[in-house]
Amino acid sequence: MNKYKTVIRYMDTLLSDTPLLLFDSLFSGQTFRWIISPNNKHCFISVIQGSPVILIAEDTMHILVFSDTETIGDKPLRKWAEHYLTIDIKGPFFSDVSLFFSSSNTPTLLMDFNGLKVLREDPFETAVTFMCAQGIGMPIIRRQVMNICRVFGDAVTFSFEGNPYTLYGFPSPERLAAAHPGELRLCTNNNCARASNVRKMAEAVASGRLDFRKLAAPERSLDIIREELCGYDGIGPKIADCIALFGLGRFDAFPIDTHVRQYLYEWFGLKKAAMALTAKNYMELQREIRTILNPDLAGYAGHLLFHCWRKRVKRLDTA
DNA sequence: TGCCAGGTGTACT
DNA sequence: AGTACACATGGC
């Protein structure tokens, strides 16, 4: 038996008129720290802000949220879950999809991802995670994040449904700022520059020089956000846009990576997507896609497309 | 074996 | 301004 006193039947049709794809939401790249329970493939476990959090998908419409604490951070659990799972974001993501796809069955493929949610993650964790995601595959990215948590994060031990768990929270900026370079390098796929870049960014956050709360102020333009973030070594336009999208709740931010570039060419016929992704080209592609997708939710929409492309076209199952 | 993976910084022309 | 290459390693 477990000690979990807070049990919430979270989603129902009153809260959302679209199904929520829990698995896809958690493992399509917003976070790399959730693990799947050995007992139940629809049960996901992580440590958020020092507290264990368990999500169980009963079906695509209903999610149970468990924790042994009443609050996550400064929010009651239910409020936190609503915010984290972006229940407030419902679209529309596309004006009229069928008008823009030259080829075939893409709109049909996309319907499977109607309920996929982009999550509101912690900005520091998001920054570190995507700094670890340069030109390498998902398994290595996930391993790096897990390593960083295991070596530098605080362990949280608890039991759930009779099973003992020891998981690690994401380390604080102060902790990573003080990390020994060699020790951090072992966590970042043996990449010295990456370890150094992560440590310097953590120092900036710890000192208050980089303030994600201020950066997330709604009146800041994406250009200003990108410019500030790109001032740090190891953060270019793509990673800056990822931090804005997943960490700052800026769902208009549209990161363009290798997969996005591919579907921009194949699905939307953007010729520049076939050329080298220079800084100028990157911005030009962003301008073009914003004329097709809802500009206020371009990044959110882009993530549905991203996920659909990886799963249905590239047949990539690595989370 | 060789290419691709949620890119970026640097050193060239 | 545009191109080539190093960085590091696992999967297919």
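Every chain is numbered from 1 and lettered A, B, ... according to where its sequence line falls, protein lines coming before strand lines.
- Of the P atoms belonging to B:dT1 and C:dA8, the separation is 22 Å, rounded to the nearest Å.
- Classification of A:Glu228 and A:Arg220 as a salt-bridged pair holds, one side-chain N sitting under 4.0 Å from a carboxylate O.
- Distances were taken from every side-chain heavy atom of A:Arg143 (C-beta onward) to each of B:dA5, C:dT9, B:dG6; the shortest belongs to C:dT9.
- The CE-C1' distance, from A:Met131 to C:dC7, rounds to 14 Å in whole Å.
- One interatomic measurement links the two molecules: NZ of A:Lys311 to C1' of B:dG6, which rounds to 14 Å at whole-angstrom precision.
- Spacing between C:dA4 and B:dC3 at atom P, rounded to whole Å, works out to 15 Å.
- Using a 4.0 Å cut-off between charged side-chain N and carboxylate O, A:Arg213 and A:Asp211 make no salt bridge.
- Side-chain atoms of A:Lys238 lie closest to B:dG6 of the nucleotides B:dA5, B:dG6, C:dG10.
- Nucleotide C:dT3 holds its C1' atom 13 Å from the CG atom of A:Asn281, rounded to whole Å.
- Atom NZ in A:Lys314 sits roughly 13 Å away from atom P in C:dC12 (whole-Å rounding).
- Checked against the 6.0 Å centroid threshold, A:Tyr300 and A:His303 do not count as a close aromatic pair.
- Separating the CE atom of A:Met283 from the C1' atom of C:dA1 is a distance of 17 Å, rounded to the nearest angstrom.
- Taking the P atom of each, B:dG6 and C:dT3 are spaced 24 Å apart, rounded to whole Å.
- If you measure from atom CH2 of A:Trp309 to atom P of B:dC4, you get 14 Å, rounded to the nearest angstrom.
- Between the side-chain ring of A:Phe306 and the base of B:dG6, a stacking contact exists by the 5.5 Å and 30° definition.
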Evaluation steps, side chain to side chain contact (heavy atoms under 4.5 Å, CB included), between A:Asp241 and A:Phe130
CA-CA 10 Å; A:Asp241 284 334; A:Phe130 281 97; over 6 Å; no

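- Both A:Asp257 and A:Asn197 lie close to DNA chain B; mapped to their nearest nucleotides by heavy-atom distance, the more 5′-ward contact belongs to A:Asp257.
- Nucleic acid contact class of A:Pro255 (heavy atoms, under 4.0 Å, all strands): none.
- As judged by a 4.0 angstrom heavy-atom cut-off over every strand, A:Tyr232 is placed among residues touching the sugar-phosphate backbone only.
- Proximity note for A:Lys280 (side chain, C-beta onward) versus C:dG2, B:dT8, C:dG10: the nearest is C:dG2.
- The gap from the P atom of B:dT8 to that of C:dG10 amounts to 23 Å, rounded to the nearest Å.
- If you find the closest nucleotide of DNA chain B to A:Ile141 and to A:Asp233, the one lying nearer the 5' end belongs to A:Ile141.
- The CG-C1' distance, from A:Leu245 to B:dG6, rounds to 12 Å in whole Å.
- Side-chain contact between A:Phe254 and A:Ile289 is present, with heavy atoms from C-beta onward closer than 4.5 Å.
- Residue contacts for A:Gln262: at a heavy-atom cut-off of 4.0 Å it reaches the sugar-phosphate backbone alone, with no base atom in range.
- Within the 4.0 angstrom heavy-atom criterion, base atoms lie near A:Ile136.
- Classification of A:Asp112 and A:Lys311 as a salt-bridged pair fails, no side-chain N sitting under 4.0 Å from a carboxylate O.
- Rounding to whole angstrom units, CD of residue A:Gln134 and C1' of C:dC5 are separated by 15 Å.
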